[in-house]
Amino acid sequence: MEVDSLPPNGLESSRKVEECPFHRLNSISGHCPPYNPPMAQLSVNVNKVATLRNTRHLDIPNVIKVSRISLDAGAHGITVHPRPDQRHIRPQDVYDIANLLETSYPQAEFNIEGNPFDQYMHYAKDVRPTQCTLVPDTRDVPTSNTGWDLTPANLDRLRPVVKELKDHGSRVSLFLNPQLEQVERAAKLGADRIELYTEPYAAAFARGDARAADPYVAAANRAKELGLEVNAGHDLNLDNLPPLVRQIPFLAEVSIGHALIADALELGLAETVRRYVRAARAQ
Ligand code: PXP
């Protein structure tokens with residue numbers, strides 16, 4: 001099977017008409033359906049770039065530059081997760097990335113994650129991103145570490161939030177653990193999508209658990225039945241992503257930061273060292 005190289009932003013369907021694995025068999029009876037290989041869209045989370053930048057004062061690395069490189073390389077969108085303590089993405093980053101996408105990548109998606117009850121809604125209102133991913137993270141957590149518990153009280157709090165964001169024209173996605181009753185409540189709430197919290201999947205996969213994706217497949221299938229689209233994120237990487245996409249072929253989007261930036265360091269290190277060796281020779 002073969003997939004064309006992605007066009008800028010990966011926005012157009014880049015899939016070649018592939019040969020269905022059953023083509024030869026089915027074509028005898030003339031009933032071979034079109035075969036679409038699974039393909040989730042990639043939103044690059046640039047939080048880690050901002051984390052590194054914030055340790056110094058010269059705006060290096062630059063989140064706009066990294067966003068451009070990501071989009072030029074085929075990412076379909078950029079994700080940020082501004083937190084109240086501004087430890088990585090700062091308010092100005094949100095506005096600068098919004099401006100970049102509006103002016104240079106109008107088809108790319110902007111996904112802003114955050115807790116709608118803690119300094120989030122003003123971004124959504126000002127920027128009107130393509131997607132608002134609502135996350136129940138408290139201030140003391142180093143990173144999002146669980147999905148919403150959609151209790152009746154939380155549903156009551158979230159209902160006007162979801163409505164307001166949708167009124168702004170943003171798609172609303174709720175960060176969820178892979179639990180069927182939570183998926184059902186998200187559908188009742190009127191969310192457009194759910195984002196499955198995949199850290200437990202990544203951990204189980206790393207342990208060699210062949211059934212690591214099972215709860216995710218079940219939750220994703222239930223979401224699909226209820227008309228919700230499905231995203232996934234957290235600790236996805238080059239090893240655990242392909243099997244997840246194969247098992248949830250209708251996965252709409254994955255947002256990836258930590259492993260992607262770590263891989264960029266490793267995969268880009270040799271060329272970077274070569275350039276510094278040349279620079280040190282004043283070349
Ligand atoms: N989704 C959500 C809601 C997140 O908070 C994060 C981390 O900011 C991610 C996805 C991306 O996770 P990772 O950095 O592990 O790829």
Side-chain angles (χ1 to χ4, degrees), residues 40-54 61 63 66-67 70 75-90 93-94 97 109-120 123-124 129-150 158 165 170-178 182 186 191-206 216 219-220 229-242 244-245 248 251-266:
Q41 295 196 300
L42 171 68
S43 187
V44 173
N45 179 320
V46 294
N47 280 7
K48 274 280 132 71
V49 179
T51 305
L52 188 55
R53 185 239 2 237
N54 293 354
V63 291
V66 172
S67 299
S70 302
H76 91 284
I78 299 296
T79 292
V80 293
H81 191 146
R83 285 193 162 84
D85 64 8
Q86 299 183 25
R87 63 181 184 264
H88 37 64
I89 289 295
R90 293 172 177 155
D93 295 323
V94 177
I97 294 171
E109 294 205 352
F110 194 18
N111 177 38
I112 307 184
E113 304 169 344
N115 187 329
F117 306 116
D118 198 5
Q119 297 186 25
Y120 173 88
Y123 293 119
T130 328
Q131 180 170 272
C132 294
T133 299
L134 306 183
V135 183
D137 55 342
T138 50
R139 290 192 175 197
D140 53 336
V141 294
T143 181
S144 315
N145 60 1
T146 189
W148 288 98
D149 183 6
L150 295 175
L158 281 166
L165 296 174
S170 295
R171 181 196 302 138
V172 178
S173 179
L174 291 182
F175 195 54
L176 288 191
N177 300 316
Q182 298 295 334
D192 301 295
R193 288 191 186 184
I194 57 167
E195 177 182 324
L196 292 171
Y197 168 50
T198 46
E199 197 271 346
Y201 161 71
F205 182 90
Y216 293 84
E229 292 183 299
V230 182
N231 296 340
H234 227 285
D235 292 295
L236 295 176
N237 61 39
L238 289 173
D239 296 324
N240 63 30
L241 179 58
L244 186 71
V245 176
I248 309 175
L251 201 59
E253 176 195 281
V254 291
S255 61
I256 305 184
H258 182 81
L260 187 150
I261 298 302
D263 286 339
L265 288 178
E266 293 182 12

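Both ligands and their constituent atoms are indexed starting at 1 by order of listing.
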Could you tell me the residue and atom name of the protein heavy atom closest to atom 5 (O) of ligand 1, and the distance to it rounded to 0.1 Å?
S144 OG, 2.5 Å
Starting from atom 15 (O) of ligand 1, what is the nearest protein heavy atom, named by residue and atom, and what distance separates them?
D235 N, 2.8 Å
Any atoms of ligand 1 less than 4.0 Å from a non-hydrogen atom of I256? List them with their elements.
16 (O)
Nearest 0.5 Å, please: how far is CD in E195 from OH in Y197?
11.0 Å
Among all the protein's non-hydrogen atoms, which is closest to atom 11 (C) of ligand 1, and how far away is it?
S255 O, 3.7 Å
Roughly how far, to the nearest 0.5 Å, is the CG atom of D137 from the CG atom of N145?
8.0 Å
Check this for me, if you would: do D118 and R83 make a salt bridge, where the nitrogen-to-carboxylate-oxygen distance has to be below 4.0 angstrom?
no
With rounding to the nearest 0.5 Å, note down the distance linking CG in N115 to OH in Y120.
10.0 Å
Drop me the distance from Y123's OH to I89's CD1, to the nearest 0.5 angstrom.
9.5 Å
Checking the N or O distance criterion of under 3.5 Å, is ligand 1 in contact with R83?
no
Residue-ligand contact L236/ligand 1, heavy atom below 4.0 Å
no
Is it true that H81 and E113 share a donor-acceptor pair across their side chains at a distance under 3.5 Å?
yes
Report yes if T133 has an N/O atom closer than 3.5 Å to an N/O atom of ligand 1; otherwise report no.
no
Protein residue, atom and distance nearest to atom 8 (O) of ligand 1, heavy-atom basis:
N45 ND2, 3.3 Å
Note the single closest protein heavy atom to atom 16 (O) of ligand 1, along with its residue, its atom name and the distance in Å.
G257 N, 2.8 Å
What is the nearest protein non-hydrogen atom to atom 14 (O) of ligand 1, stated with its residue, atom name and distance?
H258 N, 2.8 Å
Angle between ring planes, F117 versus W148, binned at 30° and 60°: parallel, tilted or perpendicular?
perpendicular
Interatomic spacing from CG in N45 to OG in S70 - rounded to 0.5 Å
10.5 Å
Starting from atom 4 (C) of ligand 1, what is the nearest protein heavy atom, named by residue and atom, and what distance separates them?
E113 OE1, 3.2 Å
Which of the numbered atoms in ligand 1 are under 4.0 angstrom from any heavy atom belonging to N47?
8 (O)
Run the salt-bridge test on D85 and R90 with the 4.0 Å N-O cut-off and return the result as yes or no.
no
Selection from H234, E195, E199 by shortest heavy-atom distance to atom 1 (N) of ligand 1:
E195
May I ask whether V135 has any heavy atom positioned less than 4.0 angstrom from an atom of ligand 1?
yes
